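Let me begin by presenting the structure, written as structure tokens, before commenting on it.
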Amino acid sequence: MTTPEPGVYISNSQMYQEVRDLAQTVGRIESKVDSFLDEAKDIRQDVQDHESRIRTLERARWPMPTIGVLAGVAGTATGAVALFAR
């Protein structure tokens, strides 16, 4: 039997155990990345939903200033008619 060279000696069983531990760690990281991707997909869907809701609210809001302007014009016209009718 030959004597191992001086220095660090790693047996086959130790190397095998390290490879198994590394494979388990990679598996855990992969599952976490998958969960992050699922959450990101959910967030993108929520953002799209919020965007469509905001667009709907913006479209529904535009008549308000128009109604205000028309009411102001009608009030001014009524006041002018009342002033000149005397």
Side-chain angles (χ1 to χ4, degrees):
M1 178 174 205
T2 61
T3 59
E5 296 181 20
V8 177
Y9 175 74
I10 300 174
S11 68
N12 288 336
S13 63
Q14 289 173 326
M15 183 64 72
Y16 177 73
Q17 187 60 40
E18 287 297 321
V19 169
R20 285 186 54 103
D21 291 343
L22 184 61
Q24 289 174 353
T25 303
V26 169
R28 284 194 308 268
I29 292 172
E30 186 178 39
S31 66
K32 288 180 181 180
V33 168
D34 288 341
S35 68
F36 287 141
L37 291 176
D38 290 341
E39 288 177 20
K41 188 168 99 177
D42 292 342
I43 290 171
R44 282 193 301 268
Q45 289 173 350
D46 288 345
V47 168
Q48 289 174 351
D49 181 48
H50 291 310
E51 188 69 27
S52 66
R53 288 180 180 187
I54 289 171
R55 297 288 179 219
T56 303
L57 289 173
E58 287 174 346
R59 280 193 299 272
R61 188 173 165 232
W62 76 266
M64 293 299 185
T66 305
I67 291 170
V69 168
L70 291 176
V73 169
T76 303
T78 304
V81 167
L83 181 67
F84 293 123
R86 287 186 186 189

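Treat the numbers as computed from the prediction; the structure is a model and nothing was measured.
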Atom CG of Asn12: over 12 foreign heavy atoms under 6.0 Å =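 No - once you tally the heavy atoms of other residues, nucleotides and ligands closer than 6.0 Å, there are 12 at most.
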
ask   = Hey, are the side chains of Glu18 and Leu22 touching, using non-hydrogen atoms and a 4.5 Å cut-off?
value =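 A side-chain contact is absent here, since even the closest heavy-atom pair is not under 4.5 Å.
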
message = Taking the side chain as everything from C-beta on, heavy atoms only, tell me whether Asp49 gets closer than 4.5 Å to Gln45.
response =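 Result no, sub-4.5 Å side-chain heavy-atom pair not found.
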
key: Gap separating the CZ atom of Arg20 from the CD atom of Gln17, nearest 0.5 angstrom   =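 It comes to 6.5 Å.
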
Can you give me every donor-acceptor pair (side chain of residues 35-44, partner residue at least two apart or in another chain, under 3.5 Å) with its distance?
residue	atom	partner	partner atom	Å
Ser35	OG	Lys32	O	2.7

